[in-house]
Novice: 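Dropping the structure in here first, questions after.
These numbers come from the heavy atoms of this one structure, side chains and all, not from hydrogens, waters or symmetry mates. For clarity, every value in this text was computed on a predicted model and none was experimentally measured. Reminder, nothing fancy here: chain letters follow the sequence lines and each chain counts from 1.
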2 protein chains.
Amino acid sequence: MSTKILIADDHSMFADGIESILNRQDGIQVVGKCYDGISILPFLKKNEVDIILLDVNLPEKNGIEVCKEVIAAFPDMKILAISMFNQESYVSEILKFGAKGYILKNTGQDELMEAIQTIQGGKTFFSKDVTQTIMRGLMNDRKGGNKSEGFIPKITRREKEVLKLIVQEFTTQEIGKKLFISLKTVESHRSSLLAKVNARNTAGLVRIAIEKKLMD
Amino acid sequence: MSTKILIADDHSMFADGIESILNRQDGIQVVGKCYDGISILPFLKKNEVDIILLDVNLPEKNGIEVCKEVIAAFPDMKILAISMFNQESYVSEILKFGAKGYILKNTGQDELMEAIQTIQGGKTFFSKDVTQTIMRGLMNDRKGGNKSEGFIPKITRREKEVLKLIVQEFTTQEIGKKLFISLKTVESHRSSLLAKVNARNTAGLVRIAIEKKLMD
DNA sequence: GATGACATAGGGGAAAACCCTCATTTTTCA
DNA sequence: TGAAAAATGAGGGTTTTCCCCTATGTCATC
């Protein structure tokens, strides 16, 4: 009776590597790999899975969205979030949606095994660095108030088109001509974009778009 | 007589994973792992290595720097660059310094093996996506005429301060107050910045500033 | 068939960015 | 110790962005 693991990461080299590590371990069995966010739920419906190793930064549908959906459909699913970045916003966001642990990609395989075993045992697990980040975040929250910083906005198809053109230095007018829509419509999309990413101006919009890879 | 490989990546989970994959292969032997840029040269001086799998985005000293140094000390060293990002600037930069190949972290293990064998055979290897990126970059160069595109403009100390604040969404007026200078002065710096990076507006300035890491 | 999200688009106005020219002082460095 | 580079700033203009408001047609979904 081994622990069944699903790996969800768009970097297949990474996913394959983890699989190779885990399959050498006793009592652990990698039952599947998903290279994007949308194929996870369908997989879970057809296969038995104990723990999902979930990359926070997935294309198409990011890890936080996926986590929300998975927990909604399978409330007891154990999700171990894995991320490149030790960002307080990611950590707190995905934990809010029911992830049982959060580790960084620069943690060693010993710690990975420890995390899996801890979570399989029903407890939670966090990398040391992550714990620190959370603590720092909490302290800042008390100081800074209760802004829901870092939450990932959902950008629509059209908004994304506009966003790409903005980042490519086209003006609102030029974007209108390119997309065969009115200047005013482009302005609408710009406004929505600014509101969604919580930016004050184009500079912030572009920075956040790049930081959060909103154009992929 | 197996191919001796050194893995250089700060995400040890990734490095361990690759190691696990490679060690299953015949004729390949992972002889070491480095988790930062500075430990690579010392390792090479003490160990025999055929191919380095080098992450482009290393902490402390990035992959491009490392590549330059390694090739300077070991001109025949075969370096396969690995990166999360398919950015033309990274690709062309590290190839300029003697890397023999460039693959993305989202390529599968088959392609990884192919890349290693190709490079070990003395040839070069690039992911399909990367090839496309390079081609696009070259075509843009030709279209753009004979400007030395991608050349790094020299940003002055003050300009850099202004730039940082622009990227942080401050307006010209606010920047003036923060730096105790006139709005007009800030406008001057903005103009110089736009001209130096060859951008049409703030959007481009911010994008290029991030792409070229002008704020470090 | 209603509800909600999305895309469309207009008017009007305030603010910010952008562009040109020019000039003075300060720093840097060869 | 000069010349070059950088930093400062003004006047006066155009363009673009940003921010309100409202409104309509489409499409999916419940």
Novice: Can you tell me how far C1' of D:dT8 sits from CD1 of B:Ile175, to the nearest Å?
Specialist: 16 Å
Novice: I'd like to know if A:Lys184 and A:Glu187 make a salt bridge, using a cut-off of under 4.0 Å between side-chain N and carboxylate O.
Specialist: yes
Novice: Classify the nucleic acid contact of B:Ser188 as base, sugar-phosphate or nothing, counting any heavy atom under 4.0 Å across all strands shown.
Specialist: base
Novice: Heavy atoms from C-beta onward define the side chain here; which of D:dG9, C:dA9, D:dC18 lies closest to that of A:Arg190?
Specialist: D:dC18
Novice: I need the CD1-P distance between A:Ile166 and D:dC18, as an integer number of Å.
Specialist: 8 Å
Novice: Tell me which nucleotide among C:dT8, D:dG11, C:dG12 gets nearest to the side chain of B:Lys184.
Specialist: D:dG11
Novice: To the nearest Å, give me how far apart CG (A:Leu179) and P (C:dT8) are.
Specialist: 8 Å
Novice: Quiz question: by atom type and distance under 3.5 Å, do the side chains of B:Arg200 and A:Thr171 form a donor-acceptor pair?
Specialist: no
Novice: Could you verify whether a donor N or O on one side chain and an acceptor N or O on the other, from A:Ser2 and A:Gln29, lie under 3.5 Å apart?
Specialist: yes
Novice: Could you check whether B:Thr171 gets within reach of a base, just the sugar-phosphate, or nothing at all, counting any heavy atom under 4.0 Å?
Specialist: sugar-phosphate
Novice: Is the Lys NZ or Arg CZ of B:Lys105 less than 6.0 Å from the centre of A:Phe14's six-membered ring, within 45° of the axis?
Specialist: no
Novice: What's the closest nucleotide to the side chain of A:His189 if the choices are D:dG12, C:dA7, D:dC18?
Specialist: C:dA7
Novice: If you measure from the Lys or Arg side-chain nitrogens to the Asp or Glu carboxylate oxygens, is any gap between B:Glu161 and B:Lys178 under 4.0 Å?
Specialist: no
Novice: With a non-hydrogen cut-off below 4.0 angstrom, is A:Leu183 in contact with a base, only sugar-phosphate, or nothing?
Specialist: nothing
Novice: Could you pick out which residue, B:Gln173 or B:Arg157, lies toward the 5' side of DNA chain C when each is mapped onto its nearest nucleotide?
Specialist: B:Gln173
Novice: Please pick, from D:dC18, C:dG10, C:dT8, the nucleotide with the shortest atom-to-atom distance to any side-chain atom of A:Thr202.
Specialist: D:dC18
Novice: Looking at the side chain of B:Thr185, which of C:dC19, D:dG9, C:dT8 is the nearest nucleotide?
Specialist: D:dG9
Novice: Is the terminal nitrogen or CZ of B:Lys100 (NZ for Lys, CZ for Arg) located under 6.0 angstrom from the six-membered ring centre of B:Phe125 and within 45° of that ring's axis?
Specialist: no
Novice: Specify the separation, in whole Å, of atom CG of B:Leu205 and atom P of C:dC19.
Specialist: 12 Å
Novice: Can you tell me the distance, in whole Å, between the CD atom of A:Glu187 and the P atom of C:dA16?
Specialist: 16 Å
Novice: Between C:dA9, D:dG9, C:dA17, spot the one nearest the side chain of B:Thr172, thanks.
Specialist: C:dA17
Novice: Distance check needed: D:dC19 P versus A:Asn201 CG, whole Å only.
Specialist: 8 Å
Novice: For A:Phe170 and D:dT17, give me the distance from atom CZ to atom C1', rounded to whole Å.
Specialist: 18 Å
Novice: Go nucleotide by nucleotide along DNA chain D from the 5' end; which of A:Glu174 and B:Ile181 gets its closest nucleotide reached first?
Specialist: B:Ile181
Novice: Just compare D:dG12, D:dT8, D:dC19 and give me whichever is closest to any side-chain atom of B:Arg158.
Specialist: D:dT8
Novice: If you look at every strand shown and take non-hydrogen atoms under 4.0 Å, does B:Thr156 touch a base, only sugar-phosphate, or nothing?
Specialist: sugar-phosphate
Novice: Atom CD of B:Glu159 and atom P of D:dA7: how far apart are they, to the nearest Å?
Specialist: 6 Å
